Amino acid sequence: MSSKSDKIRVLIVDDEKLVRDYLRRVILEKSDVDVVGEAGDGIEAISKVQELSPDIMLLDIQMPELDGFGVLDFLDAPPPTIFVTAYDEYAIQAFEVNAVDYLLKPVTKKRLFDAIDKAKIYIQRKELWESKATRILNHVRSQEVSKIAINSKDEVKLLSVEEIFWIEADGDYASIHTANNYLFYKKNLKILESRLPSDLFLRVHRSYIVNLREIKELISSAAGSRYRLKMVDDTEIPVSRRKARKVKNKLKI
């Protein structure tokens, strides 16, 4: 909560302007709450969280391109989050990931106020939210995705996983290589491996993940005991001994 005010600072994230307008109008009826910003998509939501550091985020789950779970996946320390959804199936998922609360559209004033009041506990006791956020992120990062949000220079962009050729560990982070360049990703290989489609990507070494569609050939050493993968960009990726059999099976060799 801001030191300049006792008001709770809320960020509204929803791809429907009518919903954002309604939520803003209702929230402002509470004297102890202020709406500090709005976002109409996942990428904008990430930027707004980084810029505004809200106390609470009202987050629509189903949005085009990058959904609410993708937003949380990108953020290292998301604010206490109340999920908003029009679909029962997403409400159930929000419950399963142990959200602060979830609101099913159309949202009533009472349910919205109750959810905000519940979130106050997590603002006051940060350790409770940190524990809950860890469980949420563990669940989110166990789900495969088709796109990931990534920092590119001074902006956040969406990257289709199909654009990725190969990925290399870079300390606690990762370098993602595409046809045209490489991108620095502030998550480790273990997290990336859990997020990428298992039918398209394979961990071939403790330091490398490859896109199976971008492999040109499997190269063996003279003794036949060591292997490397030659990618379509001519990069050669080492294959660890314990991963060799799995690589051969995937390539049907």
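Source: prediction; values computed, not measured.
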Would you say the side-chain atoms of [X] pair up with the backbone N or O of [Y], donor to acceptor, closer than 3.5 Å?
X      : Y      : value
Arg245 : Lys248 : no
Thr81  : Pro79  : yes
Arg125 : Glu127 : no
Ser194 : Ile191 : yes

Exercise. Would you check, one step at a time, whether the test side chain to side chain contact (heavy atoms under 4.5 Å, CB included) holds for Lys230 with Ile215?
Key: CA-CA 6 Å; Lys230 189 168 188 178; Ile215 295 172; over 6 Å; no
Side-chain heavy-atom pair [X], [Y] within 4.5 angstrom cut-off:
X      : Y      : answer
Trp129 : Val100 : yes
Val13  : Met57  : yes
Leu229 : Met231 : yes
Asp34  : Leu28  : yes
Val10  : Asp55  : no
Leu202 : Ile209 : no
Ile61  : Val84  : no
Lys109 : Leu112 : no

Which pair of non-hydrogen atoms, one from [X] and one from [Y], has the smallest distance, and what is that distance?
X      : Y      : result
Ile46  : Leu66  : CD1-CD2, 3.8 Å
Leu72  : Leu137 : O-CD2, 3.1 Å
Val36  : Arg9   : CG1-CB, 3.5 Å
Lys186 : Asp76  : O-OD1, 4.4 Å
Lys187 : Phe74  : NZ-O, 3.0 Å
Arg111 : Tyr102 : NH2-O, 2.7 Å

Gap separating the [atom1] atom of [X] from the [atom2] atom of [Y], nearest 0.5 angstrom:
X      : Y      : atom1 : atom2 : value
Leu159 : Ile150 : CG    : CD1   : 6.0 Å
Asp170 : Ile176 : CG    : CD1   : 11.0 Å
Leu200 : Asn211 : CG    : CG    : 4.0 Å
Lys147 : Asp67  : NZ    : CG    : 11.0 Å
Leu189 : Tyr173 : CG    : OH    : 14.0 Å
Asp6   : Ile8   : CG    : CD1   : 9.5 Å

Exercise. Start with the C-alpha gap between Ile12 and Arg24, add the side-chain angles, then the distance that decides, and say whether side chain to side chain contact (heavy atoms under 4.5 Å, CB included) holds.
Key: CA-CA 8 Å; Ile12 300 170; Arg24 172 184 281 273; 3.9 Å; yes
Is it true that, when you exclude [X] itself, more than 12 heavy atoms of the residues, nucleotides or ligands shown sit nearer than 6.0 Å to its [atom1]?
X      : atom1 : answer
Glu162 : CD    : no
Asp172 : CG    : no
Lys246 : NZ    : no
Arg213 : CZ    : no

Ion pair [X]/[Y], N-O distance below 4.0 Å:
X      : Y      : result
Arg20  : Asp15  : no
Arg195 : Glu144 : no
Lys250 : Asp199 : no
Glu16  : Lys105 : yes
Lys17  : Asp21  : yes
Lys118 : Asp101 : yes

Self-check item: Lys120 and Asp32: CA distance, side-chain angles, deciding distance, salt bridge (charged side-chain N to carboxylate O under 4.0 Å, His left out) verdict
Solution: CA-CA 11 Å; Lys120 290 178 185 177; Asp32 61 342; 2.7 Å; yes
Practice problem: Answer yes if the side chains of Thr178 and Asn180 hold a donor-acceptor pair under 3.5 Å, and no otherwise. | Solution: no
Exercise. Could you verify whether a donor N or O on one side chain and an acceptor N or O on the other, from Lys243 and Tyr227, lie under 3.5 Å apart?
Key: no
Are [X] and [Y] linked, directly or through other ILVMFWY residues, by side chains that come within less than 4.5 angstrom of each other?
X      : Y      : result
Val204 : Tyr185 : no
Val33  : Leu11  : yes
Ile148 : Leu158 : no
Val239 : Ile219 : no
Val107 : Met63  : yes

Quiz item: In a check of ring-ring contact (aromatic ring centres under 6.0 Å, His included) between His177 and each of Phe184, Tyr208, Tyr182, which one passes?
Solution: Tyr182
Quiz item: Stepwise, does the side chain to side chain contact (heavy atoms under 4.5 Å, CB included) test hold for Ile164 with Phe201?
Solution: CA-CA 9 Å; Ile164 298 171; Phe201 290 89; 3.9 Å; yes
Quiz prompt | Evaluation steps, salt bridge (charged side-chain N to carboxylate O under 4.0 Å, His left out), between Asp117 and Lys30 | solution = CA-CA 10 Å; Asp117 288 341; Lys30 279 182 75 70; 3.3 Å; yes
Quiz prompt | Option among Arg228, Lys216, Arg226 that satisfies the salt bridge (Lys or Arg N to Asp or Glu O under 4.0 Å) test with Glu236 | solution = Arg228
Quiz item: Between Phe83 and Phe69, does the ring centroid distance fall short of 6.0 Å?
Solution: yes
Practice problem: Check step by step if side chain to side chain contact (heavy atoms under 4.5 Å, CB included) holds for Asn138 and Thr134. | Solution: CA-CA 6 Å; Asn138 286 341; Thr134 297; 3.8 Å; yes
